Each structure stands twice: as structure tokens, then as C-alpha cells.
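No experiment lies behind these values; they were computed from the predicted model shown. Proteins get letters first, then strands, A, B, ... in listed order; numbering begins at 1 in each.
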Amino acid sequence: MPEGHAIHRHGRILTALFGGDAVAASSPQGRFAEGAALLDGLRAGRAHAWGKHLFWPFLSTSEQAAAGGIPTVELGDPQATWLHIHLGLYGKWAFAGPGVAGLHGAGIRVSPTEDSGMRKTIDGGQDGTTRLVEAPTGGRDGLPEDNIQVLGELATTPTTRLRLAGPEAVAQLTGPARCEILSGEEVLGVIARLGPDPIRNEEGDRQRFVAGARRRKIPAGQVVMDQAVVAGPGNIYRADCLWRTGISPLRPANKVSESRYRELWDDLVLCMGRDVDSGIIVTIPPEFQPDPIPEGDPELSRFAVYHRTGRPCVRCGAIIREELMAGRRLFWCPGCQR
DNA sequence: CTCTGATGGCTAC
DNA sequence: TAGCCCTCAGAGT
């Protein structure tokens with residue numbers, strides 16, 4: 001169940017594992033057989049992420065004779081074959097192969113604790129399985145929170161929508177809400193419906209967010225989940241970043257001041273950007289982190305209000321509340337969010 | 001074994 | 001707003 005930080009992370013990992021290489025693509029499940037056939041044999045470029053969407057360009061090997069390095073392709077480039085993936089609620093990537101060990105060098109932490117659980121690389125390969133490179137120790141939380149599994153064995157299953165194999169790695173995708181081939185023009189069409197992404201944080205994005213949010217009359221808590229206003233935050237960042245900036249999710253969006261929206265944008269930029277590296281969301285400020293860290297319920301050491309219904313707010317002591325907002329569980333503190 | 005819910009989002013009424 | 005889709009871990013019987 002990924003929020004935007006995980007998708008950016010997947011983009012980095014996929015680029016590090018496959019960028020510049022020709023890939024063998026297949027759809028063991030069969031539901032992406034046509035798309036996989038289009039990708040098969042193409043050379044992977046640098047993956048782009050925008051909000052919760054992944055856009056990954058592939059180029060024919062002939063137009064890549066130059067070789068060397070990872071092809072960087074502008075979002076929407078008409079020359080590329082674009083793989084578009086949206087994980088929805090249950091989508092997951094699994095990786096294996098020697099390249100996974102090199103992710104550390106690329107600045108990507110695959111397990112939350114550096115140097116933990118490393119094992120010797122063995123590339124099996126017969127009968128379609130690939131052996132472990134790094135054990136999923138999971139560090140402190142023990143959870144692959146970013147929907148990545150680094151498995152001891154990567155056998156295909158009846159639900160493997162897409163399998164990619166390159167010289168250094170194998171990646172398998174299960175359960176995506178969207179997995180399709182798009183033209184460059186279609187990529188731009190998808191992006192046109194998305195608001196600014198705090199992880200991209202491009203020129204003018206903050207003001208675009210502020211203006212977009214102020215225009216709405218729905219509750220602020222709904223605006224933060226509206227991907228047309230801001231692309232990337234999900235239920236956790238919605239709850240906790242509103243808490244961090246002291247904004248009540250119940251307040252009508254057009255009644256929140258511009259300066260508070262600027263603070264919220266900056267906070268989303270800070271939290272989400274930082275979590276791309278670890279893949280683990282940690283939104284509770286360090287001074288409020290429980291000490292010692294409780295056993296058995298890692299969420300308590302990571303979130304301030306998310307999944308903390310009925311507990312006292314770590315900042316003001318009021319009891320955290322929960323209600324259903326537009327079909328999603330909303331958590332907030334009635335004491336310090338106004 | 002069955003049932004539920006989950007960090008999402010689309011479409012139809 | 002309800003229904004539906006994607007998958008599977010964890011809880012309940």
C-alpha cells in the first residue's frame with residue numbers, strides 16, 4: 001500500500017537494476033501478455049515517478065547503439081515505449097539477483113538497517129527462480145513498508161503480472177491497479193490530471209498547491225488526498241502532516257490560510273523526500289518518539305496520529321479521534337489541530 | 001477454514 | 001455515495 005515516496009523509490013531501484021540494459025519481459029499471469037511482448041528485448045531508460053504513478057521509458061536497442069550509461073528520456077518523449085504502473089492498494093514489487101547488492105552503492109537502502117542480513121549472492125536460475133542477494137531483515141520495524149520484497153527465491157506465481165529479467169536482476173510485479181503500455185502523448189495526458197508532487201518539488205509547485213487547495217470547499221483532509229491538488233500523499237502523510245502543521249482535517253479547505261498551506265507543502269516535501277531513501281514512513285518528530293521503542297507495534301514509534309485512535313496525543317494529551325472521510329479512515333487530534 | 005481490511009482510485013447511479 | 005477492481009496477511013471460527 002504505497003504512497004508517493006515508495007513509487008519514487010521504486011523508480012530509483014528499477015533504474016539502478018535495469019537502466020541501460022535490454023530486458024526480457026513476460027507476464028506469467030497472462031494479463032499483461034501483450035504489453036510484456038512489446039517490452040521484451042527493449043532497453044530500459046531512467047524511470048520517472050509522479051505522485052503514485054510510475055512512468056518508465058523503454059527504447060529499442062537499435063536506437064541505442066551508443067550504449068554506455070542509462071538513457072535519460074524526457075517525460076512523454078514520443079520515441080519511447082512507456083510502461084505505466086499504478087500499484088493501487090495491493091501492488092508489490094519483488095527483486096532478486098546480484099544487482100540488488102549494488103543498490104547500497106547507488107544510495108538506496110533496501111533494508112532499513114545498513115549492512116544487516118547480507119548474504120552471499122547465488123544466482124540460481126534454473127526453473128525460473130533466482131536466489132537471494134540480501135535477506136529482508138527489515139531492521140527495527142521488520143516491515144517491508146514500501147511494498148518491496150527482496151526474496152530468497154523469486155519464483156513466479158499465478159499472480160505475477162510482469163516479470164522483468166536483466167543481466168543483473170529480476171523484478172516481479174503483482175497486484176497493480178494499472179500496468180499498461182502508453183505512448184508519450186498518453187503519459188502527458190495522465191500527468192495533466194495530477195497536481196504537483198512534493199517529491200519533485202519543481203519551480204512554482206508550492207504556489208500551485210496553495211492555490212489549488214484554497215479553491216476547494218471540501219474539508220482540508222480530503223484535499224490532501226486529492227491527487228489533482230497534490231500528487232503523492234496517501235492516508236498516512238495526510239493524517240500525520242496535517243497534525244505536524246496543526247491543521248484540522250475537518251476545516252473547510254478554503255478556510256485554511258495560504259501561509260499554513262505553505263507550511264504543509266514544505267512539510268510534505270520534507271517528510272516524503274526523506275522517506276524515499278528508506279522506504280519507511282516516519283512522521284513522528286524525534287522528541288515525541290517513545291523511548292524505549294515499544295515491542296510488537298512498530299507503528300507507535302513512527303506515526304503521531306495515524307492508527308492511534310483513543311490514545312493521548314503525544315503533543316497535547318487530547319485523545320486521538322477517528323472518523324470515516326470519503327471512505328477512508330481519518331485520524332486527528334482535536335486538541336492541537338485547528 | 002472463512003472473513004476482513006489495507007499506505008488507492010475508477011466508474012456508475 | 002456505493003460498488004468494484006487488484007492481492008494477501010492476519011484475525012477469527
Side-chain angles (χ1 to χ4, degrees), chain A residues 1-10 27-32 35 49-54 84-94 112 136 138 141-149 151 155-163 172-180 186 189-195 197-199 218-219 221-243 249 268 271-276 278-284 296-300 302-309 322-332:
Chain A
M1 311 74 184
E3 305 196 20
H5 71 299
I7 312 308
H8 282 262
R9 176 174 157 79
H10 298 161
S27 178
Q29 181 192 48
R31 291 186 47 181
F32 189 55
W50 191 307
K52 297 166 188 162
H53 296 253
L54 185 80
H84 174 221
I85 291 165
H86 193 297
L87 294 180
L89 259 178
Y90 334 118
K92 272 187 179 32
W93 282 104
D141 304 325
L143 295 174
E145 283 293 333
D146 57 353
N147 303 83
I148 289 175
Q149 302 170 308
L151 298 174
T156 58
T157 73
T159 58
T160 303
R161 184 81 56 87
L162 172 63
R163 174 182 169 91
Q172 290 184 173
L173 172 69
T174 53
R178 282 294 172 86
C179 175
E180 61 189 357
E186 290 169 321
V190 174
I191 291 171
R193 280 175 253 125
L194 296 173
D197 176 346
I199 296 174
I218 56 177
Q222 258 176 270
V223 156
V224 183
M225 290 284 282
D226 185 339
Q227 303 296 300
V229 175
V230 52
N235 211 13
I236 297 177
Y237 287 118
R238 176 263 285 270
D240 267 42
C241 289
L242 283 170
W243 177 86
L268 289 167
C271 292
M272 297 182 72
R274 182 190 54 207
D275 295 342
V276 172
S278 64
I280 306 245
I281 301 177
V282 180
T283 41
I284 192 168
D297 196 352
E299 287 186 352
L300 291 181
R302 298 168 47 210
F303 309 137
V305 293
Y306 180 79
H307 277 188
R308 296 186 74 135
T309 314
E322 170 181 351
E323 77 173 42
L324 218 51
M325 177 179 275
R328 306 298 301 276
R329 290 167 77 189
L330 168 72
F331 306 86
W332 84 103

Requested in this report: Name the nucleic acid region contacted by A:Tyr306, choosing base, sugar-phosphate or nothing; use a 4.0 angstrom heavy-atom cut-off, strictly under.
Outcome: sugar-phosphate
Query raised in the report: When you measure from the side chain of A:Arg161, which nucleotide among C:dC6, B:dG9, C:dC8 comes out closest?
Result: C:dC6
Requested in this report: Kindly give the heavy-atom pair with the smallest separation between A:Gly88 and A:Ala177, and that separation in Å.
Outcome: CA-CB, 3.8 Å
Requested in this report: For the pair A:Asn235 (side chain) and A:Leu330 (backbone), establish whether a donor and an acceptor sit closer than 3.5 Å, ignoring hydrogens and angles.
Outcome: no
Report task. Indicate whether OP1 or OP2 belonging to B:dG9 is found under 4.0 Å from a side-chain N or O atom of A:Lys52. Result -> yes
Query raised in the report: Quick one: is C:dC6 close enough that its OP1 or OP2 comes under 4.0 Å of any side-chain N or O from A:Thr159?
Result: no
Query - A:Arg193 CZ to B:dC10 P, straight-line distance once rounded to whole Å - result: 8 Å
Report summary line: Atom CG of A:Leu173 and atom P of C:dC8 are separated, to the nearest Å, by 11 Å
Query raised in the report: Backbone N or O of A:Ile281 within a donor-acceptor pair of the A:Arg302 side chain at under 3.5 Å?
Result: yes
Query raised in the report: Rounded to the nearest Å, what distance is computed from the NE2 atom of residue A:His84 to the P atom of nucleotide C:dC6?
Result: 17 Å
Query raised in the report: Taking atom P in both B:dC1 and C:dC6, what distance in whole Å separates the two?
Result: 22 Å
Query raised in the report: Under 3.5 Å, is there a donor-acceptor pair between the side chain of A:Thr160 and the main chain of A:Thr174?
Result: no
What pairs of nitrogen or oxygen atoms, one from the protein and one from nucleotides 1-5 of chain C, lie under 3.5 Å apart?
none

**Report entry** Nearest to side-chain heavy atoms of A:Arg178, which nucleotide of B:dC10, B:dG9, C:dT7
**Finding:** B:dC10
Requested in this report: Rounded to the nearest angstrom, tell me the gap between atom NE2 in A:His86 and atom P in B:dT11.
Outcome: 13 Å
Query raised in the report: Quick one: is A:Gln29 getting a side-chain N or O under 4.0 Å of the C:dC6 phosphate, OP1 or OP2?
Result: no
Query raised in the report: Rounded to the Å, how far apart are A:Ile85 CD1 and C:dT7 P?
Result: 14 Å
Query raised in the report: With a non-hydrogen cut-off below 4.0 angstrom, is A:Arg238 in contact with a base, only sugar-phosphate, or nothing?
Result: nothing
Query raised in the report: Expressed as a whole number of Å, how far does the P atom of B:dC10 sit from that of C:dC8?
Result: 23 Å
**Report entry** Donor-acceptor contact below 3.5 Å, side chain A:Glu3 vs main chain A:Ile236
**Finding:** yes
Report task. Rounded to the nearest 0.5 Å, what's the gap from NZ on A:Lys92 to CD on A:Gln172? Could you check? Result -> 14.0 Å
Query raised in the report: Relative to the ring of A:His53, is the ring of A:His84 parallel (under 30°), tilted (30 to 60°) or perpendicular (over 60°)?
Result: parallel
Query raised in the report: Separation of A:Leu87 atom CG from C:dT7 atom P, in whole Å?
Result: 12 Å
Query raised in the report: Which whole number of Å gives the distance between the C1' atom of B:dG9 and that of C:dA9?
Result: 22 Å
Query - Donor-acceptor contact present, side-chain A:Arg308 to main-chain A:Phe303, <3.5 Å - result: yes
Query raised in the report: A:Ile7 CD1 to B:dG9 C1': how many Å, rounded?
Result: 13 Å
Query raised in the report: Looking across every strand, which nucleic acid part, if any, lies under 4.0 Å from A:His307 by heavy atom: base, sugar-phosphate, or nothing?
Result: sugar-phosphate
